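Just so you know, these numbers come straight off a predicted model, no measurement behind them. Computed over heavy atoms, backbone and side chain alike; hydrogens, waters and symmetry mates excluded.
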Amino acid sequence: MRYPNFINEGDTIGFVAPAFGCTIEPYRSAFENARKKFEERGFSCYLGENCFSDNGIGISNTPEKCAEEFMQEMDNRENACLISCGGGELMCEIVPYLDFERLRQIPPKWFMGYSDNTNAAFLLATLSDTAAIYGPCAPTFGMEPWHEALEDALSLLKGEKLTVTNYKRWEIESRKDEEHPLEPYNLTEPFAMKVFLPNRGLKNGTANILPVTGRLIGGCLDCLANLVGTSYDKVKEFEENYREDGLIWFLEACDLNVFSIRRALWNLREAGWFDTAKAFLIGRPMHFNEPMFNLDQYEAVIGILGELNVPVYMDLDIGHTAPMMPLICGAMATVEVGDNSIFVKMRTE
């Protein structure tokens with residue numbers, strides 16, 4: 001696995017829009033303030049040509065132009081890292097225009113984003129053997145004041161903090177809107193982890209669980225289920241390359257309801273993606289606590305992953321229900337669990 005150099009004060013942070021651009025509120029104002037915040041921290045900012053574009057369908061521009069921007073800025077040595085301007089809906093359509101072999105050959109650079117940006121972060125790891133960060137998109141850094149999760153994301157980019165842990169509370173309903181673009185997280189819900197252990201079933205966050213070590217991989221389940229079986233699905237080869245490590249999957253869902261989550265996990269399992277899985281880190285879904293018929297979010301996951309006889313940690317700070325722990329897709333990691341707390345210790349060696 002290729003790990004990019006960490007960034008330093010004085011470096012230039014590049015921004016690209018392979019998914020949505022920052023064209024409407026509250027994202028535009030939040031993005032403008034994020035740039036100011038980064039500059040106050042000693043960084044310069046460089047904007048790709050699509051950051052304020054709205055010429056595409058579900059993405060900032062045409063798939064060709066989005067891919068062109070991404071490739072150009074990944075190869076631009078003036079940028080020390082790239083942060084995505086936002087999530088989106090159809091970033092998958094830029095994938096055929098990305099040159100993953102070229103991305104494997106050029107010096108690696110950190111790319112950070114989540115949600116639709118799974119189409120870059122996950123494929124950088126599995127196709128180009130290059131680590132990426134599943135973390136906040138650029139406008140999130142515009143909030144006042146920064147939440148601890150944003151400090152963690154910047155510290156990770158700088159290589160100052162490679163161990164992340166859960167946060168005390170999470171947001172079930174945001175207060176950010178067009179009139180309040182810089183609103184911080186509305187943290188009303190206490191963190192409450194659930195853990196499934198083979199032969200012990202599903203329990204509340206607990207101690208006395210042995211640490212698990214493996215290679216982190218994953219992203220937004222909505223996107224991953226769309227990639228499985230395509231010509232960009234090289235997970236079996238990735239598994240074989242890192243068979244001695246085993247994989248720790250981190251997964252979370254955006255638009256999927258509980259039945260869609262279960263179908264997606266079944267699809268990935270039957271495609272062999274989980275053959276070397278050592279554990280699963282499952283983020284709270286966007287449709288948190290919205291059961292359908294007799295299926296809730298826990299049985300949607302455990303009904304499929306429980307057969308694999310590995311630990312499954314659920315309701316974690318990953319993805320769409322803020323805040324989110326930044327995770328390095330492709331890195332080796334050790335997961336340790338205490339009393340309703342989880343620690344992910346990542347290594348870039």
Side-chain angles (χ1 to χ4, degrees), residues 164-170 172 189-222 224-225 228 235 239 245-254 256-321 323-325 327 333-345:
V164 294
T165 186
N166 58 277
Y167 306 103
K168 292 181 179 179
R169 292 184 174 272
W170 60 280
I172 198 168
E189 310 302 308
F191 178 80
M193 176 173 54
K194 291 188 180 296
V195 180
F196 171 85
L197 297 173
N199 303 317
R200 291 172 59 182
L202 183 66
K203 300 182 181 299
N204 293 328
T206 181
N208 302 319
I209 301 175
L210 292 176
V212 178
T213 297
R215 192 166 294 277
L216 282 174
I217 196 73
C220 182
L221 190 57
D222 308 44
L224 297 175
V228 66
V235 172
E239 284 182 305
D245 302 331
L247 301 183
I248 297 176
W249 285 88
F250 63 90
L251 302 167
E252 53 97 13
C254 178
L256 306 183
N257 63 34
V258 289
F259 282 106
S260 299
I261 289 172
R262 185 156 173 150
R263 285 191 292 264
L265 290 173
W266 178 89
N267 194 11
L268 270 56
R269 187 191 69 185
E270 295 305 305
W273 282 29
F274 302 150
D275 287 354
T276 63
K278 298 180 75 172
F280 291 88
L281 311 181
I282 308 295
R284 294 177 297 268
M286 275 286 284
H287 297 285
F288 183 84
N289 198 26
E290 293 184 13
M292 297 179 67
F293 298 100
N294 294 320
L295 185 68
D296 64 15
Q297 67 194 58
Y298 306 108
E299 182 56 31
V301 172
I302 298 305
I304 301 299
L305 302 184
E307 300 178 10
L308 301 176
N309 294 314
V310 298
V312 181
Y313 311 99
M314 304 183 69
D315 287 353
L316 303 184
D317 292 328
I318 301 172
H320 286 80
T321 52
M324 66 181 300
M325 300 183 295
L327 299 173
T334 297
V335 177
E336 297 180 358
V337 174
D339 187 12
N340 193 39
S341 59
I342 187 166
F343 300 86
V344 183
K345 300 180 177 181

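The structure places CD1 of Ile318 at 5.0 Å from CG of Leu281, a figure rounded to the nearest 0.5 Å. Going from atom CG of Asn257 over to atom CE of Met286 covers 13.5 Å, rounded to the nearest 0.5 Å. Considering OG1 of Thr213 and CD of Glu336, their distance stands at 8.0 Å, rounded to 0.5 Å. The line from CZ of Phe280 to CG of Leu247 is 9.0 Å long, rounded to the nearest 0.5 Å. Between the CG atom in Leu251 and the CG atom in Leu224 there is a gap of 6.5 Å [rounded to 0.5 Å]. In this structure, the separation between CE on Met292 and OG on Ser260 is 7.5 Å, given to the nearest 0.5 Å.
Ring geometry, Trp249 versus Trp273: the interplanar angle falls under 30°, so the pair is classed parallel (tilted spans 30 to 60°).
Residues Val212 and Val310 form no side-chain contact, since every pair of their non-hydrogen atoms from C-beta on lies 4.5 Å or further apart. Within the 4.5 Å cutoff, the side chain of Phe196 has no heavy atoms near those of the Pro311 side chain. Within the 4.5 Å cutoff, the side chain of Arg262 has no heavy atoms near those of the Val258 side chain. At a threshold of 4.5 Å between non-hydrogen side-chain atoms, the residues Met325 and Tyr167 count as touching. Residues Val344 and Phe250 fail the side-chain proximity criterion, which asks for heavy atoms closer than 4.5 Å.
Asp245 places no side-chain N or O within donor-acceptor distance of the main-chain N or O of Arg215, the cut-off being under 3.5 Å. The backbone N or O of Ile342 sits less than 3.5 Å from a side-chain atom of Thr165, completing a donor-acceptor pair. Here the side chain of Asn340 pairs a donor or acceptor atom with the backbone of Phe191 at under 3.5 angstrom.
Counted by atom type alone, Asp315 and Gln297 present one or more donor-acceptor pairs between their side chains at under 3.5 Å.
Between Leu202 and Met314, the shortest heavy-atom contact is CD1-SD, 4.2 Å. In plain terms, the two heavy atoms of Met193 and Val337 that are nearest each other are CE-CG1, 3.6 Å. Nearest heavy atoms, Asp317 versus Pro323: CB-O, 3.4 Å. The two residues His320 and Ala253 come nearest to each other via the heavy atoms ND1-O, 4.3 Å. Nearest heavy atoms, Leu256 versus Ala264: CD1-CB, 4.3 Å. Of all heavy-atom pairs between Ala300 and Leu295, the closest is N-CD1, 3.6 Å.
Under the side-chain hydrogen bond (donor to acceptor under 3.5 Å, both in side chains) rule, Thr321 has a single partner from Glu252, His287, Arg284, which is Arg284. Among the candidates Ile282, Val301, Ile302, the single residue satisfying the side-chain contact (heavy atoms from CB on, under 4.5 Å) test with Leu265 is Val301. Each of Glu270, Arg269, Glu299, Arg263 was evaluated against Ile304; a single residue qualifies, Arg269, per the side-chain contact (heavy atoms from CB on, under 4.5 Å) test.
Atom NZ of Lys345 has 12 or fewer heavy atoms from other residues, nucleotides or ligands within 6.0 Å.
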